[in-house]
Q: 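Let me give you the structure first, and then I'll get to my questions.
Values below: all heavy atoms of this structure, side chains included; hydrogens, waters and symmetry mates excluded. Throughout, protein chains are lettered first and strands after them, A, B, ... in sequence-line order, and every chain is numbered starting at 1. Bear in mind that the values here come from a model prediction, so they are computed numbers and not experimental data.
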Amino acid sequence: MVRTRFAPSPTGYLHLGGLRTALYTYLYARHVGGKFILRIEDTDQEREVPGAIDKIYQSLRLAGLDYDEGPDVGGDYGPYIQTQRRDLYLPYAQKLIENGGAYYCFCTKERLDEARSEKEKKGETYKYDKHCLALTKEEAERRVAAGEPYVIRQNVPLSGKASFDDALYGHVEVDCATLDDNVLIKADGLPTYNFANVVDDHLMAISHVMRGTEYLSSAPKYNLLYESFGWTPPTYLHLPVVMRDATRKLSKRYGDPSFEDLMDKGYLQEAIINFIALLGWSPRSEREFFTLAELIEAFDLEGLSKAPSIFDMDKLTWFNGEYMRKLTPEAFFEKAEPWLQKALDPAKFDLKRVAELLHNRTDVLDQIPEMVDFLSEMPEFPVELYTHKKMKTNPDVALDALKKMRPVMAGIADWTEEGIHAGVMEAIARLGMKNGQALWPLRIAISGKANTPGGAIEIGYLLGKEETLARIDRSIAQLEA
RNA sequence: GACCUCUUGGUCAAGCGGUUAAGACACCGCCCUUUCACGGCGGCUACAGGGGUUCGAAUCCCCUAGAGGUCACCA
């Protein structure tokens with residue numbers, strides 16, 4: 001039975017690298033019909049951010065990554081929050097002490113810091129010197145009983161190799177001599193990440209662990225622990241980092257967005273998931289659009305990449321635009337409406353029609369307000385906007401055209417797009433004008449912008465007859481000034 | 001510094017001993033068009049470098065370079 005887990009620490013928002021790890025973990029589990037579990041790793045009490053756990057639940061739900069077991073859904077292997085499991089780690093550490101895989105350490109922070117800085121001064125790598133390993137069992141137990149602060153350290157052999165087989169990177173092997181006797185149980189009684197992981201993954205019967213490459217070098221050490229316990233290690237698969245550029249990974253510090261930031265900006269959940277899935281995994285075909293269900297179907301370990309990949313916002317935006325266009329007009333309107341209302345008074349404008357005009361021009365929802373704000377208020381604009389080479393227009397042509405079109409517009413009784421279209425086109429033909437030479441100036445005169453959603457007729461309709469005529473008058477005055 | 005890992009266009013990437021080295025984003029043209037966008041067509045740009053192995057290397061091996069990761073009572 002395949003059981004995978006996503007095990008974030010509640011230290012803030014769900015960043016995109018984490019989302020991708022969660023996604024792949026989820027996809028793998030679902031693809032093979034296994035279970036996907038959420039576990040919260042909160043053993044570092046100092047770094048914990050209040051509310052972060054709820055953020056994780058929300059983000060995962062928002063992303064559609066439903067988990068079979070977890071703190072807020074229960075399951076047979078709980079609790080799923082490590083601090084709620086605090087008492088269960090010590091006995092395992094003690095078991096390790098019994099068989100020589102670990103030992104008590106009473107060294108003070110001062111002694112260790114001193115030793116460390118001394119080594120660093122000499123440019124050497126610091127390793128704990130196994131000072132407390134020399135203590136007899138009786139001595140150590142006496143000091144523990146006496147209430148002396150202690151930690152429990154892993155007893156790494158001085159020679160030999162430690163290794164494991166990564167499902168992506170293959171066999172990874174290191175000399176034990178280069179490994180440090182890391183702390184398993186901290187002075188506060190809580191396990192360290194390395195230890196909690198091993199114990200919990202075993203207790204929760206996790207079969208496959210996917211996580212970032214930052215853990216790749218510590219993985220061989222895990223196997224030593226599994227060996228000491230006599231447990232079978234899960235299959236590990238380390239995932240390359242998601243980068244912001246060639247040398248730095250994605251990070252909040254540089255303003256890189258989290259999943260929620262993206263959602264707030266008006267990216268679609270489906271687009272983000274689709275894009276993220278393809279960042280480091282390839283279906284090995286030319287297909288690039290996948291729903292979550294289709295990803296589950298297509299996902300496999302073969303398609304994973306070993307090299308880090310750079311998060312390309314342009315491509316995400318393109319994906320998002322494609323997803324926008326796939327929306328039905330109704331669905332698009334529903335999503336666009338809140339953004340339209342930021343710039344337009346619903347009582348004054350036909351928002352549905354505006355949304356239709358915006359539909360295939362919108363890549364990201366947050367672009368909407370600035371695309372339509374000219375409707376609420378006529379912007380100041382330079383007369384150079386009237387100049388368009390292909391339309392063969394300039395301010396002089398425009399003034400002439402506007403003067404001709406003003407009475408035509410005024411005479412249109414049926415102020416619908418059809419009505420305006422009929423009236424305007426008839427006049428253009430009658431006056432022997434070119435479409436572009438009439439319509440371009442008209443659009444500029446009533447919008448004040450080089451680019452607008454919709455042309456002169458659509459904008460005229462949206463503005464209403466009165467406002468349209470008023471804008472034409474003002475623009476004529478501007479040209480005559 | 002030590003150990004581990006990675007390296008195909010600006011970016012995502014296919015390729016797994018024989019290909020004109022796909023495709024997508026971005027960019028640049030052209031077409032469509034009352035603007036822009038959409039759409040259509042076309043273009044640009046890559047196997048990090050050097051040695052091997054082989055009849056034949058992007059594909060296998062070694063070295064170099066560059067980049068990343070780890071070296072905590074953080075995860």
Q: Which nucleotide in the list rU11(B), rC73(B), rA75(B) gets nearest to the side chain of Y193(A)?
A: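 So the side chain of Y193(A) is nearest to rA75(B).
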
Q: Scan every strand shown for a Watson-Crick or G-U wobble partner of rU19(B), both distances under 3.5 Å, and answer none if you come up empty.
A: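 Check on rU19(B): unpaired, no WC or wobble geometry under 3.5 Å.
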
Q: Could you let me know what rC25(B) is paired to, Watson-Crick or G-U wobble, both distances under 3.5 Å, or none if it's on its own?
A: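 The base-pairing partner of rC25(B), which may sit in any strand shown, is rG10(B).
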
Q: Is R248(A) near enough to rG69(B) that one of its side-chain N or O atoms lies under 4.0 angstrom from OP1 or OP2?
A: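 No, no such contact exists.
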
Q: Between R361(A) and Y169(A), who's closer to the 5' end of RNA chain B by nearest nucleotide?
A: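 Going by which nucleotide is closer to the 5' end, it is Y169(A).
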
Q: Which base, if any, makes a Watson-Crick or G-U wobble pair with rA67(B), both distances under 3.5 Å?
A: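 Paired with rA67(B), as far as the under-3.5 Å criterion goes, is rU5(B).
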
Q: In Watson-Crick or G-U wobble terms, both distances under 3.5 Å, what is the partner of rU59(B)?
A: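 WC or wobble partner does not exist here.
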
Q: Look through every strand shown and name the nucleotide pairing with rA72(B) as Watson-Crick or G-U wobble, where both distances are under 3.5 Å.
A: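 Partner of rA72(B): none found under 3.5 Å.
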
Q: For rC36(B), which nucleotide is its Watson-Crick or G-U wobble mate, given both distances must be under 3.5 Å?
A: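 Result: none.
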
Q: Check the phosphate of rC6(B) against K306(A), side-chain N and O only, distance under 4.0 Å to OP1 or OP2. Yes or no?
A: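 For rC6(B), OP1/OP2 do have a side-chain N/O of K306(A) under 4.0 Å.
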
Q: Taking the side chain of E286(A) as its heavy atoms from C-beta onward, which of rA75(B), rG23(B), rC73(B) lies nearest to it?
A: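 Of the options given, the side chain of E286(A) lies nearest rG23(B).
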
Q: For rA21(B) versus rC16(B), give the span between their P atoms, rounded off to a whole number of Å.
A: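 Taking atom P in both rA21(B) and rC16(B), they lie 14 Å apart.
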
